[in-house]
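These numbers were taken from a predicted model, which means no experiment stands behind them.
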Amino acid sequence: MAAAAARSGLRRMFSIADFATPNTRMFSISAFAPPSPPTPPPKADPSPNLFVSGLSKRTTTDGLREAFAKFGEVEHARVVTDRVTGFSKGFGFVRYVSVEDAAKGIEGMDGKFLDGWVIFAEYARPRPPPQMGGATPQPQQSWGTPGSWGSQ
C-alpha cells in the first residue's frame with residue numbers, strides 16, 4: 001500500500017499535466033532570460049593622471065617614463081610590481097604636468113606597442129572613499145596559538 005502511494009506521489013510530482021496548466025508558477029520566463037550585459041564603468045574626467053594597462057612583465061618605471069615623455073612633461077611614472085617576484089603586474093600610472101600633455105599622451109600611446117605588448121592609456125579614476133564601519137576581520141588560524149603546539 002505504501003509503495004503504491006509513493007509511486008502515485010512520484011507520478012504526480014513528475015506529471016507534465018501539472019506544468020501545462022496556466023495557473024502554475026513554478027517557472028518564470030525571466031528566470032531563463034539571459035542576464036543583461038554589464039554596463040561599462042563611466043569614463044573618468046580628464047586629469048593629468050593616466051592609468052596604463054597591458055604592460056609587459058619586463059616593463060620598468062624608467063621605460064614607462066621614457067615612452068610617455070615623448071608627448072609631454074612627465075611629473076611621475078610608476079609601474080606597479082609584484083612584491084615577491086618584482087615583475088610588473090601589468091599596469092602602472094603616469095602623471096603629467098598638465099591635462100593637455102595627458103591628452104597628448106593618451107592619443108600617442110593608447111593602442112601602441114611597448115616592450116612588445118599593446119598597451120592602453122586612459123585617464124585614471126579617483127580611488128573610492130574607504131568603507132566606514134570597522135576593520136576587516138582577520139582570518140582565523142586553525143592550528144591554535146604558538147604556545148599550545150607541544151602541549152597535546
Could you please spell out the steps behind the side chain to side chain contact (heavy atoms under 4.5 Å, CB included) verdict for D110 and E122? CA-CA 8 Å; D110 188 37; E122 60 183 273; over 6 Å; no

Transitive ILVMFWY side-chain link F120 to F113, under 4.5 Å: yes

Testing the basics here: between L55 and S88, what is the closest heavy-atom pair and its distance to 0.1 Å? CB-OG, 4.1 Å

Got a second to check how far K104's NZ is from S98's OG, nearest 0.5 Å? 7.0 Å

Within a radius of less than 6.0 Å around NZ of K112, do more than 12 heavy atoms belonging to other residues, nucleotides or ligands occur? yes

For a quick test of reading the model, state the closest non-hydrogen atom pair linking A124 to A44 and the distance between them. O-CB, 3.8 Å

Is a side-chain N or O of N49 found less than 3.5 angstrom from the main chain of R95, in a donor-acceptor match? no

Under a 4.5 Å cut-off applied to non-hydrogen side-chain atoms, are V52 and F68 in contact? yes

Closest non-hydrogen atom pair, P46 against V99: CB-CG1, 4.0 Å

Please find the pair of heavy atoms, one from H76 and one from R65, that lie closest to each other, and give the distance. CA-NH2, 4.0 Å

From CG (D115) to NZ (K57), nearest 0.5 Å: 13.0 Å

For Y96 and E73, what are the C-alpha separation, side-chain angles and deciding distance, and is it a side chain to side chain contact (heavy atoms under 4.5 Å, CB included)? CA-CA 6 Å; Y96 281 98; E73 187 178 347; 5.7 Å; no

Can you list the steps and then say if V79 with F91 is a side chain to side chain contact (heavy atoms under 4.5 Å, CB included)? CA-CA 6 Å; V79 173; F91 65 95; over 6 Å; no

Closest heavy-atom contact between A102 and S47? CB-O, 3.5 Å

Interatomic distance, S53 atom OG to W117 atom CH2 [nearest 0.5 angstrom]: 11.5 Å

Answer yes if the ring centres of F51 and Y123 are under 6.0 angstrom apart, and no otherwise. no

How close do A77 and L64 get, heavy atom to heavy atom, and via which atoms? CB-CD2, 4.5 Å

Between T81 (side chain) and G86 (backbone), is there a donor-acceptor pair under 3.5 Å? no

Could you check whether atom CD of E107 has more than 12 heavy atoms from other residues, nucleotides or ligands sitting under 6.0 Å from it? no

Around R58, counting heavy atoms of other residues, nucleotides and ligands shown, do more than 12 lie under 6.0 Å from its CZ? no

